[in-house]
Amino acid sequence: MAKQGLTPQGEDFSAWYNEIVQAAELASHSQVRGCMVVRPYGYRIWELIQAGLDRMFKDTGHENAYFPLFLPKSALDREADHVEGFAPETAVVTHAGGRELEEPLVVRPTSEAIIWPILADWIQSYRDLPVLLNQWANVVRWELRTRPFLRTTEFLWQEGHTAHATDEEAEEEARRMLGVYRTFMDEHMGLAVVTGEKTPDERFAGAKRTYATEALMKDGKALQAGTSHHLGQNFARAFDVQFQTEHGEHDYVWSTSWGVSTRLIGALIMTHGDDQGLVLPPRLAPFQVVIVPIWKSDEERARVMDTACRLELELGEMGVRVKLDGRETHNPGAKFYEWERKGVPLRIEIGPRDIEAGQAVLVRRLVLEGQDRKAATGLDGLSESVPALLDEIQSSMLEASRARREASSRRDFGSYEDLRSWIEESPGFAFAGWCGGVECARRGKEDLKVTIRVIPDEEFRSDDVPTRCVVCDQPSTTEALWARAY
RNA sequence: CGGGGCGUGGCGCAGUCCGGUAGCGCACCUGCUUUGGGAGCAGGGGGUCGCCGGUUCAAAUCCGGCCGCCCCGACCA
């Protein structure tokens, strides 16, 4: 007895979130405000995210590089919108080596202003294009309000930066990478998203177009999970990145940038987690299976551990990330709670009774309608059956996320008041008309704390296209996804 | 930056109003008994009470100043 559980999600989602980050040993606060320590268990999840994405980036022709942490303050000032967007939230180094610097250095809030001056030298001719780069890095944004993983002062991310000869190619690239993110979120994270384009108001500072994937968290709020920007020739002009075309003319390159961050871990927590703790999709789980041996006497211990070790070996050979929890300092019940809290998809309990019967008890972390949580399973062929079971869990998590997204979406708003009462009672994704007016978007934000997350892509649009703007009731120019957001 | 809260062993807190030996739970260490859903008993270790100054015989407690963190809003991946 003793340790009580987490605050239930339904009681205080925010408290639940903060507690789970600590309880699952994902992160801790550091000495500096807004900065977090990513603990080994949380970092392993990040490594798995990195591994999955990095593969996909390479498969689409990108190469990794690394650019510096600092940039001269003057470089940030080159692109007008970009400075305006980022200057207020930068950390600036004014002293180094015991002296005041002649020109202050900015700690990168993003790397466009570092990368483009360099690429200007690399790119001379159309033959040098496209340039397809990615870097895994840390960036610093001095946010006023921080939350572990969702918004921290320093965070880890990847940022892709590409240069192209034509507008069309850059557009294609920005779209391609949005697609990569979407696929990753679907297949690795079990995270159903809506893709689309940001409104001019919500665009990346300096971008021509910004695309995003928006995910729905269990509390009904939206989370921007990934973004991909078509930067047009804005940065090329600002940093004078010109190339000679096939016809001998000079032109500015067309560029893109795209990124996802450790925020994805926050998305995992708030998409799949429950009152017992974290629930991890198998592809991103540090341990996919944990084996908990049970014994009373030393003699039993020897027998049980013998079988458990064999099982661990077999599972490892099947390519399963497996952990045999043979600690003698904790009793089985304590281990059950711990691994459930940490979201391990499958647990195998094995004790003397099981060995007698030639079986083990297989326990699912996530139990869906009609499934048994625990099932006695014969030891023969158990290992072989695990990969398929993990795949099944993986896809059922995406299905569940899709179902939740649909259940929390509404597409038939009759009026602004209708939107108001719905968003206040059961927040979610509101697909509704928009006149295209900035005023209407701002009113929704100030009044209902609702923003246009994206103008959804074709496949997410409603069959019955809304004809009126949900705010002003004037004719609608487009359908928008409205939601409260993190 | 506005509003609220909090700084006391690793974590969570009580004690502060009304000054007088620094306490509780968890965690930790040792031993024995336990182990199929967060073990029990016994013993033990660990804190200049956020910092600086003031009042007092005496300050975690009263007074002044500073710093930090968390939560709620505006900015944001």
Side-chain angles (χ1 to χ4, degrees), chain A residues 1-5 12 14-15 17-19 22-23 25 28-36 84-90 109-110 137-159 181 198 201-205 210 212-215 222-229 257-267 276-277 292-298 300-301 304 325-341 347-357 359-361 363 373-374 376 442 445-446 449 451 485-486:
Chain A
M1 288 316 275
K3 263 238 178 86
Q4 57 282 67
D12 184 343
S14 186
Y17 180 85
N18 287 325
E19 287 169 24
Q22 304 299 323
E25 297 181 354
S28 310
H29 290 296
S30 76
Q31 301 152 73
V32 178
R33 76 159 258 268
C35 293
M36 67 173 174
E84 202 184 313
F86 285 106
E89 54 185 53
T90 53
T110 177
N138 58 336
V139 287
V140 168
R141 297 183 188 176
W142 217 257
E143 304 287 355
L144 298 175
R145 176 134 177 268
T146 59
R147 305 190 68 188
F149 294 110
L150 299 178
R151 181 169 304 108
T152 47
T153 300
E154 177 189 3
F155 58 95
L156 305 181
W157 77 346
Q158 61 64 218
E159 47 183 325
Y181 289 152
K198 289 280 178 185
D201 247 21
E202 303 268 336
R203 233 176 241 156
F204 175 73
T210 288
T213 64
E214 290 285 330
L223 184 75
Q224 180 174 312
T227 49
S228 181
H229 316 288
S257 69
W258 26 275
V260 298
S261 71
T262 32
R263 171 179 270 194
L264 293 185
I265 294 174
Q276 278 64 55
V292 178
I294 297 156
W295 64 76
K296 288 187 168 64
S297 62
D298 282 351
E300 280 179 351
R301 176 174 177 277
V304 167
D325 187 354
R327 288 177 295 177
E328 299 184 41
T329 49
H330 293 64
N331 67 25
K335 294 176 185 177
F336 297 164
Y337 278 100
E338 177 176 341
W339 296 115
E340 278 169 17
R341 198 162 57 233
R347 176 171 79 235
I348 295 174
E349 304 174 6
I350 184 160
R353 295 205 301 259
D354 297 308
I355 294 198
E356 292 305 316
Q359 62 175 41
V361 177
V363 187
R373 200 167 83 93
K374 296 192 178 196
R442 292 198 179 141
K445 185 173 182 176
E446 282 161 25
K449 289 189 264 185
T451 50
Y486 275 96

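Note on naming: letters A, B, ... go to the chains in the order of the sequence lines (proteins, then strands), and numbering restarts at 1 for each one.
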Query raised in the report: Across all strands, who's sitting opposite B:rA42 as a Watson-Crick or G-U wobble pair, both distances under 3.5 Å?
Result: B:rU30
**Report entry** By salt bridge (Lys or Arg N to Asp or Glu O under 4.0 Å) - contacts of A:E446 (at least two apart)
**Finding:** none
Report task. Using atom CD of A:E25 as one end and atom C1' of B:rG10 as the other, report the distance to the nearest whole Å. Result -> 13 Å
Report task. Determine the Euclidean distance between corresponding P atoms of B:rU61 and B:rG15; express it in Å to zero decimal places. Result -> 15 Å
Report summary line: Of A:E338 and A:K445, the one whose nearest nucleotide on RNA chain B sits closer to the 5' end is A:E338
Query raised in the report: Under 5.5 Å between ring centres and under 30° between planes: true for A:W157 and the base of B:rA77?
Result: no
Requested in this report: Using atom CE of A:M36 as one end and atom P of B:rC69 as the other, report the distance to the nearest whole Å.
Outcome: 16 Å
Requested in this report: Hey, could you give me the CD/CH2 distance between A:Q158 and A:W258, rounded to the nearest 0.5 Å?
Outcome: 6.0 Å
Query - Whole-Å distance separating the CD atom of A:E19 from the C1' atom of B:rC26 - result: 15 Å
Query - Any side-chain heavy-atom pair of A:C35 and A:T152 under 4.5 Å - result: no
**Report entry** Nearest listed nucleotide, side chain of A:K449, among B:rG73, B:rG37, B:rA77
**Finding:** B:rG73
Query raised in the report: Which whole number of Å gives the distance between the P atom of B:rC66 and that of B:rG10?
Result: 28 Å
Query raised in the report: Given the P atoms of B:rA59 and B:rG50, what is the spacing between them in whole Å?
Result: 15 Å
Query raised in the report: Got a salt bridge between A:K198 and A:E214, using NZ or NE/NH1/NH2 to carboxylate O under 4.0 Å?
Result: yes
**Report entry** Any A:E349 side-chain heavy atom under 4.5 Å of A:K374 side chain
**Finding:** yes
**Report entry** RNA chain B: 5'-proximal contact among A:P148 and A:E143 (nearest heavy atom)
**Finding:** A:P148
Requested in this report: Give one of base, sugar-phosphate or nothing for A:S257, where a contact means two heavy atoms less than 4.0 Å apart.
Outcome: nothing
Report task. Select base, sugar-phosphate, or nothing to describe what A:T262 touches, counting heavy atoms under 4.0 Å on all strands. Result -> nothing
Requested in this report: With heavy atoms under 4.0 Å as the rule, sort A:R347 into base, sugar-phosphate or nothing.
Outcome: base
Requested in this report: Not counting sequence neighbours, which residues clear salt bridge (Lys or Arg N to Asp or Glu O under 4.0 Å) with A:E340? List them please.
Outcome: A:R347, A:R373
Query - Between B:rC62 and B:rA14 - P atom distance, rounded Å - result: 15 Å
Requested in this report: State the pairing partner of B:rG25; accept Watson-Crick or G-U wobble contacts with both distances under 3.5 Å, and report none otherwise.
Outcome: B:rC11
Requested in this report: Once you apply the 3.5 Å cut-off to both distances, tell me the Watson-Crick or G-U wobble partner of B:rC62, or none.
Outcome: B:rG54
Requested in this report: Please state how far atom OH in A:Y486 lies from atom P in B:rA74, giving the value in whole angstrom units.
Outcome: 14 Å
Report summary line: Rounded to whole Å, the CD-P distance (A:E202 to B:rA77) equals 8 Å
Requested in this report: Name the pairing partner of B:rU16, where a pair is Watson-Crick or G-U wobble with both distances under 3.5 Å, or state none.
Outcome: none
Query raised in the report: For A:R442, which residues count as a salt bridge (Lys or Arg N to Asp or Glu O under 4.0 Å) partner, sequence neighbours excluded?
Result: A:D201
**Report entry** Any donor-acceptor pair under 3.5 Å from A:T262 side chain to A:F155 backbone
**Finding:** no
Query raised in the report: Using atom C1' of each nucleotide, how far apart are B:rU33 and B:rG25 to the nearest Å?
Result: 24 Å
Query raised in the report: Tell me: CZ of A:F204 to P of B:rA77, nearest whole Å?
Result: 9 Å
**Report entry** Residue list, salt bridge (Lys or Arg N to Asp or Glu O under 4.0 Å) with A:R147, at least two apart or on another chain
**Finding:** none
I'd like a list of close polar pairs between nucleotides 33-36 of chain B and the protein, N/O only, cut-off under 3.5 Å.
residue, atom, partner, partner atom, Å
B:rU35, O2', A:W295, O, 3.0
B:rG36, N7, A:R353, NH1, 3.4
B:rG36, O6, A:G351, O, 3.4
B:rG36, O6, A:P352, N, 3.1
B:rG36, O6, A:R353, N, 2.6
B:rG36, O6, A:D354, N, 3.4
B:rG36, N1, A:D354, OD2, 2.5
B:rG36, N2, A:D354, OD2, 2.9

Query raised in the report: Given B:rC71, is OP1 or OP2 found less than 4.0 Å from the side-chain N or O atoms of A:N18?
Result: yes
Report task. Using Watson-Crick or G-U wobble geometry with both distances below 3.5 Å, tell me the partner of B:rC1, or none. Result -> B:rG73
Query - Integer angstrom distance from the C1' of B:rG38 to that of B:rG47 - result: 28 Å
Requested in this report: For nucleotides B:rC24 and B:rC51, find the distance between their C1' atoms and express it as a whole number of Å.
Outcome: 27 Å
Query raised in the report: What residues, two or more places apart in sequence or in another chain, satisfy side chain to side chain donor-acceptor pair (under 3.5 Å) together with A:S257?
Result: A:E112
Report task. Would you please name every residue forming a side-chain contact (heavy atoms from CB on, under 4.5 Å) with A:E143, sequence neighbours left out? Result -> A:E89, A:R141, A:T146, A:R151
Query raised in the report: With A:R203, which residues qualify under side chain to side chain donor-acceptor pair (under 3.5 Å), at least two apart?
Result: none
Query raised in the report: Hey, does A:L150 reach any base, or is it just sugar-phosphate, or nothing, if we go heavy atoms under 4.0 Å?
Result: base
Requested in this report: Determine the Euclidean distance between corresponding C1' atoms of B:rG64 and B:rG46; express it in Å to zero decimal places.
Outcome: 33 Å
Query raised in the report: When the distance from CD of A:E84 to C1' of B:rC75 is rounded to whole Å, what number comes out?
Result: 13 Å
Quick one: which protein N/O atoms are closer than 3.5 Å to N/O atoms of nucleotides 1-7 of chain B? Pair and distance per line, please.
none

Query raised in the report: Rounded to the nearest Å, what distance is computed from the CD atom of residue A:Q22 to the C1' atom of nucleotide B:rC69?
Result: 13 Å
